Amino acid sequence: MAHIELKNITKKFGGHTALTSLNLEIADGEFFVLLGETGAGKTTTLRLIAGLEKPTEGQVLIDGVDVADWGAAERDVALVLQQYSLYPRYTVRENLEFPLKPKIRRLPDAEIKDRVDRAARTLRIEHLLDRKTDRLSGGEMQRVSIGRAIVRKPRVFLMDEPLSALDAKLREALRTELKNLQMQLGATFLFVTHDQIEAMSMGDKVGVLNHGRIVQTGTPQEIYNNPRDTYVASFVGSPPMNLIDGKLVNGRAVMAPLNFELPFSGGAKASAATDGRPLVFGIRPEDVYLESGAPVEARVHDVENHGVEKILTLRVGDTTLRATVPARTDVAIEQPVRFAWNPDKVVLFDKGSGVSLRHAG
Ligand SMILES: Nc1ncnc2c1ncn2[C@@H]1O[C@H](COP(=O)(O)OP(=O)(O)O)[C@@H](O)[C@H]1O
Ligand SMILES: [Mg+2]
């Protein structure tokens, strides 16, 4: 187990800056998810911690110790990748034993057997131990890859999109399993993904990375309810938060180009400070509701059925917004409806910077 800290890390590849002044702290035993789109700098971050890259500036600390001069092996971290690299002509057991049989400092045979058996039990691959790894399904192979990390008992697990190559159902199953595994081991996990659902469902903490910068770090709830800026607001949640341009006028939300108004209860402080300033109003689809007496009229533009709920796209003028409503709601395309929002759930963003007024301080 270990505590990880990245202090003011900048990483350049030639003229390209992959990471800029990155600060990150992962507590001992925490499941930390780094969430970002392709090219955001996730793999680079993992490689810096693993000792496979050196930072251009800044420090990597493991348990408070600057590890700049430590090689990858000394850092004692395990990296699990999206593409599993197993030895195909060997059995699962042999694949699990390899990390424990370096030429120097080899573990006693009894200890190796014990660790392999435990890992296999934990990952429920005991029945596969004697099978060649090229005879395994994708999910089984990924379990073996994770097993190869577990047997080493590393200080930290670094996981680089380990579930991305799997089909949806398996991904969901392994999500739960990995989370359980982490809790069972009490280990420090840094899990990177571009999948916001993975991040929100697995992370104790989530760090959102955009173009090599950490935009926000927090619990999944904090990130969902209180996104730092419009980037995070539209990245996290499906469907994403509605973002509508407007202004606050006398404590009411006035949507500037569209000319519709909604009540706003952001408190005297927010409205006094922001009257007339160009804003973006953020509202989650589940906080938009239909009601016959509601203030704004819209047309139903689209209906998506999701079993327990429907996701409606509503059209007001030439703007659309999403509303999540119960499945029993009876609506047809082009039907006129009236909607309102929960005024307590509205998040205000500055139109110019995109930063939430709650975070601007
Ligand atoms: N070895 C390298 N040489 C040059 N550019 C690189 C190298 N590794 C990564 N990059 C660049 O750094 C950025 C971040 O890459 P990466 O960390 O792989 O992102 P992610 O894993 O989030 O998709 C990308 O623009 C990528 O092209
Ligand atoms: Mg990557």
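Indexing begins at 1, ligand by ligand and atom by atom, following the structure's order. Predicted model, so just to flag it, every value in this text is computed and none were measured. Reckoned from all heavy atoms, side chains included, excluding hydrogens, waters and symmetry mates.
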For the Mg ion (ligand 2): protein N/O/S atoms at distances below 2.8 Å: 1
His3/Glu5 under side chain to side chain donor-acceptor pair (under 3.5 Å): CA gap, chis, key distance, verdict: CA-CA 7 Å; His3 170 268; Glu5 200 175 349; 4.7 Å; no
Cluster link Tyr87 to Val151, ILVMFWY, side chain under 4.5 Å: no
Show the short N or O contacts, below 3.5 Å, that ligand 1 makes with protein N or O atoms; if there are none, say 'none'.
| unit_1 | atom_1 | unit_2 | atom_2 | d |
| --- | --- | --- | --- | --- |
| ligand 1 | 17 (O) | Thr43 | N | 3.4 |
| ligand 1 | 17 (O) | Thr44 | N | 2.9 |
| ligand 1 | 17 (O) | Thr44 | OG1 | 2.5 |
| ligand 1 | 19 (O) | Gly41 | N | 3.2 |
| ligand 1 | 21 (O) | Thr43 | N | 2.9 |
| ligand 1 | 21 (O) | Thr43 | OG1 | 2.8 |
| ligand 1 | 22 (O) | Ala40 | N | 3.2 |
| ligand 1 | 22 (O) | Gly41 | N | 3.0 |
| ligand 1 | 22 (O) | Lys42 | N | 2.8 |
| ligand 1 | 22 (O) | Lys42 | NZ | 2.8 |
| ligand 1 | 23 (O) | Gly39 | N | 2.7 |
| ligand 1 | 25 (O) | His16 | NE2 | 3.0 |

Salt bridge (charged side-chain N to carboxylate O under 4.0 Å, His left out) between Lys113 and Asp109, worked out: CA-CA 6 Å; Lys113 183 171 184 314; Asp109 285 344; over 6 Å; no
Salt bridge flag under 4.0 Å for residues Asp160 and Lys42: no
Cationic N near anionic O, under 4.0 Å, Glu334 to Arg315: yes
Which side-chain N or O atoms in residues 204-211 pair as donor and acceptor under 3.5 Å with protein atoms at least two apart or in another chain?
| unit_1 | atom_1 | unit_2 | atom_2 | d |
| --- | --- | --- | --- | --- |
| Asp204 | OD1 | Lys179 | NZ | 3.1 |
| Asp204 | OD2 | Phe31 | N | 2.7 |

ILVMFWY network linking Leu166 to Leu178, side-chain heavy atoms under 4.5 angstrom: yes
Ion pair check, Lys310 and Asp302, cut-off under 4.0 Å: no
Residues that Arg155 engages under side chain to side chain donor-acceptor pair (under 3.5 Å), provided they are two or more places apart: Asp63
